[in-house]
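Below, chain A is the first sequence line, B the second, and so on; all start at residue 1. This structure is a prediction, so every number in the text was calculated from the model and none was measured.
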2 protein chains.
Amino acid sequence: MNDESPPAAPRLGEIGLTNYAPYLMNRIMGRYNASLREEMAQLGLSTPKMRALAVLSVIEGPLIRELAIYAVVEQSTLSRALDQLQADGLIRRETDAEDSRATRVFITEAGRASFETLWPHMAAAQDRMFRGIPDTEKRAFVGTLQKMLANIRKHEI
Amino acid sequence: MNDESPPAAPRLGEIGLTNYAPYLMNRIMGRYNASLREEMAQLGLSTPKMRALAVLSVIEGPLIRELAIYAVVEQSTLSRALDQLQADGLIRRETDAEDSRATRVFITEAGRASFETLWPHMAAAQDRMFRGIPDTEKRAFVGTLQKMLANIRKHEI
DNA sequence: CAGATTTAAATGCATTTGCAAATATCATCG
DNA sequence: CGATGATATTTGCAAATGCATTTAAATCTG
């Protein structure tokens, strides 16, 4: 009798929106991103520009295609975001020494300063998200996120 | 001596990108959304259209502004996504009985069918995200997400 | 080593997005 | 009840986005 088809995924209606993790995550991130929009606008930053600066504040001189992955921004979108950041003196591009097709990106002092202005708001937004959640729970949550990132990261850096 | 300024947020560099929850979540959701793009394209769905259908498959006849919140889509963007879904016969709009300014949105049978085609891919994408993560851990994770949603939801529905 | 293939980044272009304003209706207050 | 302000949705428009293509340089292959 072992002739059953593979078990069908339970319907979304059965799980309920609020038990479907990607829904919850999209919803939470939507709010997080929205809550930063005003501060970013004040600094003349869009989401792609902010993300690029955030990554560059931590990672020294990545290639543009690496930065696109870290910052979760389409390469062509990033290319134009970098144009603007460069025009504003917040980053500079440098042709890679070993591969002259490739370009490395560096944050400038002005870029670092700009990001330092934004960072407290980002930290506060995170704190709001985790308000009332014990530290152990938060740590476990971040641990799970790291496993998830490893899962989806098969062909990425 | 109690004259210190409030503790500054640790720098992103100190936390590290991979300990900053919003970064991890954005990165994971970026991949999740990308992994569905192809299936959606096949069905002629954009992200806003897909999200609207997903919510409508679970919630019966919400107002457009409610749908915008549930689906995490800007209202004006949603308005146009609904135009397209309606043109394709996947949803229909109905003026609210008590308030003729307001519009309720209903999924049609065709819309439900379209979403049913997409759903297995969404379920599979979630499974990939949680690959190798024990069920208790997943449940705890979703529990934390629900608390986080409650936190950011102060002024929402 | 020449030609073909792959890779990195930038760009052309049609579509999408989101802000602000417009439109339509409802609620409130004197 | 009429005027004023609030609310729901749509729409105009400039800017941003993403796909596909181009350009340039590296790598592979026979």
**Asked** Side-chain donor or acceptor of A:R101 under 3.5 Å from a matching atom on the base of C:dT7?
**Response** yes
**Prompt:** Just to confirm, is there a sub-4.0 Å distance from OP1 or OP2 of C:dC26 to any side-chain nitrogen or oxygen of B:S100?
**Reply:** yes
**Asked** Among B:L53, B:L67, B:D83, which one satisfies side-chain contact (heavy atoms from CB on, under 4.5 Å) with B:I91?
**Response** B:L53
**Prompt:** Which nucleotide, C:dA8, D:dT9, D:dT11, lies nearest any side-chain atom of A:A102?
**Reply:** C:dA8
**Asked** Is the A:F130 to A:F141 ring centre distance short of 6.0 Å?
**Response** yes
**Sugar-phosphate only, base, or nothing, as touched by A:R104 at under 4.0 Å among non-hydrogen atoms** = nothing
**Asked** Mapping A:T103 and A:R80 onto DNA chain C by nearest heavy atom, which one lands closer to the 5' end?
**Response** A:T103
**Asked** Is any side-chain nitrogen or oxygen of B:Q75 closer than 4.0 Å to OP1 or OP2 of D:dT9?
**Response** yes
**Message:** Please compare A:D99 and A:E74 by the position of their nearest nucleotide in DNA chain D and report the one closer to 5'.
**Reply:** A:E74
**Item:** Distance in angstrom units between A:K49 NZ and D:dA16 P, rounded
**Value:** 8 Å
**Prompt:** Quick one: on DNA chain C, does A:T77 or B:Q84 contact a more 5' nucleotide (nearest heavy atom)?
**Reply:** A:T77
**Message:** Rounded to whole Å, please give me the gap between CD in A:E66 and P in C:dA9.
**Reply:** 8 Å
**Item:** Sugar-phosphate only, base, or nothing, as touched by A:S76 at under 4.0 Å among non-hydrogen atoms
**Value:** base
**Request:** Report the distance from atom CD of B:E98 to atom C1' of D:dT7, rounded to the nearest whole Å.
**Result:** 16 Å
**Request:** Evaluate side chain to side chain contact (heavy atoms under 4.5 Å, CB included) for A:I69 paired with B:R27, printing each intermediate quantity in order.
**Result:** CA-CA 8 Å; A:I69 294 172; B:R27 184 98 181 257; 3.6 Å; yes
**Item:** Other residues, nucleotides, ligands: >12 heavy atoms within 6.0 Å of A:R11 CZ
**Value:** no
**Message:** Can you tell me whether the side chain of A:R37 and the base of C:dG18 have a donor-acceptor pair closer than 3.5 Å?
**Reply:** no
